[in-house]
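Data block below; observations after.
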Amino acid sequence: MIKHQLLDRGIKDKKVIAAMRKIPRHLFIEEDLTNMAYDDHPLPIGEGQTISQPYMVAAMTEELDLKKKDRALEIGTGSGYQTAILAEICKEVYTIERIKSLSHKAEETLKRLGYRNIYFKVDDGTVGWDKHSPFDKILVTAGAPNIPDTLFNQLREKGKMIIPIGDRFSQILTLIEKINNSLKKRALFECIFVPLIGERGWQDGA
Ligand code: SAH
């Protein structure tokens, strides 16, 4: 996985590569699928949701340019795999998941692996986590119709946010930076994520 899916495709950030080498991805996948845990595609994690493809996790994390002192907000805990990658690299990770069973399972897995710098919440992540803002980095792992202003407001000056923006079934991975309190946007590449459902996202069942 590391060589063919990450290094050969241009992932360079040493901290990202080390984290992906260290974290046992198969522990985040349902038992009957563990033989596919390191394959080059997303996998189902229950409740109609998916764990992202390894390359996607690496590319999103690399674009955030994470520092050791960073406090990061993640929207869409899912399996908790991406959460673990963030927690390996930065100081604190605040992660929100709207589906209770997924959040609880991820928390159990991450506690078992010994992480003590992750804070979990079951809620609509499109409104962010104001109490702990501003964040240095924000990572959204579900596809949004547009950039939730709530999340942009909770980003620190010079902070970065990565978010898939588009329609319900295909999006453009977008990097946002807050410079002089205004929004700088860069389109990265096409992607397909499950929908971000909530007050500033898509309506459930629509
Ligand atoms: N990072 C995860 C990817 C999970 S898929 C992993 O590596 O496993 C995206 C997740 O976003 C799903 O679990 C979905 O339930 C969640 N989600 C969708 N809308 C949300 C919202 N408004 N707030 C929080 N989580 C949301």
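First listed ligand is number 1; within each ligand, the first listed atom is number 1.
Under 4.0 Å is where a charged nitrogen must lie from a carboxylate oxygen, and between E157 and K178 no such pair does. Between R186 and E63 there is a salt bridge, with a side-chain nitrogen of the basic residue lying less than 4.0 Å from a carboxylate oxygen of the acidic one. Salt bridge annotation for R156-D70: absent, with no cationic side-chain nitrogen under 4.0 angstrom from a carboxylate oxygen. Salt-bridge check for K121 with D123: passed, with a basic side-chain N closer than 4.0 Å to an acidic carboxylate O. Contact check on D8 versus K3 returns a salt bridge, with a Lys/Arg side-chain nitrogen under 4.0 Å from an Asp/Glu carboxylate oxygen. Note on E177 versus K158: no salt bridge recorded, every NZ/NE/NH1/NH2 to OD/OE distance being 4.0 Å or above. Using a 4.0 Å cut-off between charged side-chain N and carboxylate O, D136 and K67 make no salt bridge.
Cluster membership for Y55 and L64, using ILVMFWY side-chain heavy atoms within less than 4.5 angstrom, is shared.
Taking 4.5 Å as the limit, every side-chain heavy atom of P42 sits out of range of all side-chain heavy atoms of S52.
Near S79, with a cut-off below 4.0 Å to any heavy atom, the atoms of ligand 1 are 6 (C), 7 (O), 8 (O). Atom numbering of ligand 1 starts at 1 in the shown order; those under 4.0 Å from a heavy atom of L102 are 13 (O). Of all atoms in ligand 1, numbered sequentially from 1 with element shown, those under 4.0 Å from a heavy atom of Q82 are 1 (N), 7 (O). Listed by atom number, the atoms of ligand 1 under 4.0 Å from E74 heavy atoms are 1 (N). Counting atoms of ligand 1 from 1 in the listed order, those under 4.0 Å from a heavy atom of P195 are 18 (C), 19 (N). Interface atoms of ligand 1 facing I99, defined by a heavy-atom separation under 4.0 Å, are 15 (O).
In D123, the part holding a heavy atom less than 4.0 Å from any atom of ligand 1 is the backbone. When heavy-atom distances to ligand 1 are checked against a 4.0 Å cut-off, V194 comes that close only through its side chain, counted from C-beta outward.
The closest protein non-hydrogen atom to atom 9 (C) of ligand 1 is T141 O, 3.3 Å. Nearest non-hydrogen protein atom to atom 11 (O) of ligand 1 is G76 CA, 3.2 Å. The nearest heavy-atom contact from the protein to atom 13 (O) of ligand 1 is E97 OE1, 2.7 Å. When only non-hydrogen protein atoms are considered, atom 4 (C) of ligand 1 lies nearest to T50 O, 3.1 Å. Among all protein heavy atoms, the one lying closest to atom 19 (N) of ligand 1 is I197 N, 3.0 Å.
Side chains of T141 and Q82: a donor-acceptor N/O pair is absent below 3.5 angstrom, by distance only.
Between T77 and ligand 1 there is a heavy-atom distance shorter than 4.0 Å. Under the 4.0 angstrom criterion for non-hydrogen atoms, R200 is not in contact with ligand 1.
For a threshold of 3.5 Å applied to N or O pairs, the pair formed by R98 and ligand 1 contains at least one separation below that value.
Taken to the nearest 0.5 Å, the CD1 atom of I29 stands 8.5 Å off from the CE atom of M36.
Looking at Q53, Q49, K121, M60 and measuring to atom 12 (C) of ligand 1, the nearest heavy atom belongs to Q49. The option from G198, G125, P148 that lies nearest to atom 23 (N) of ligand 1, judged by heavy atoms, is G125.
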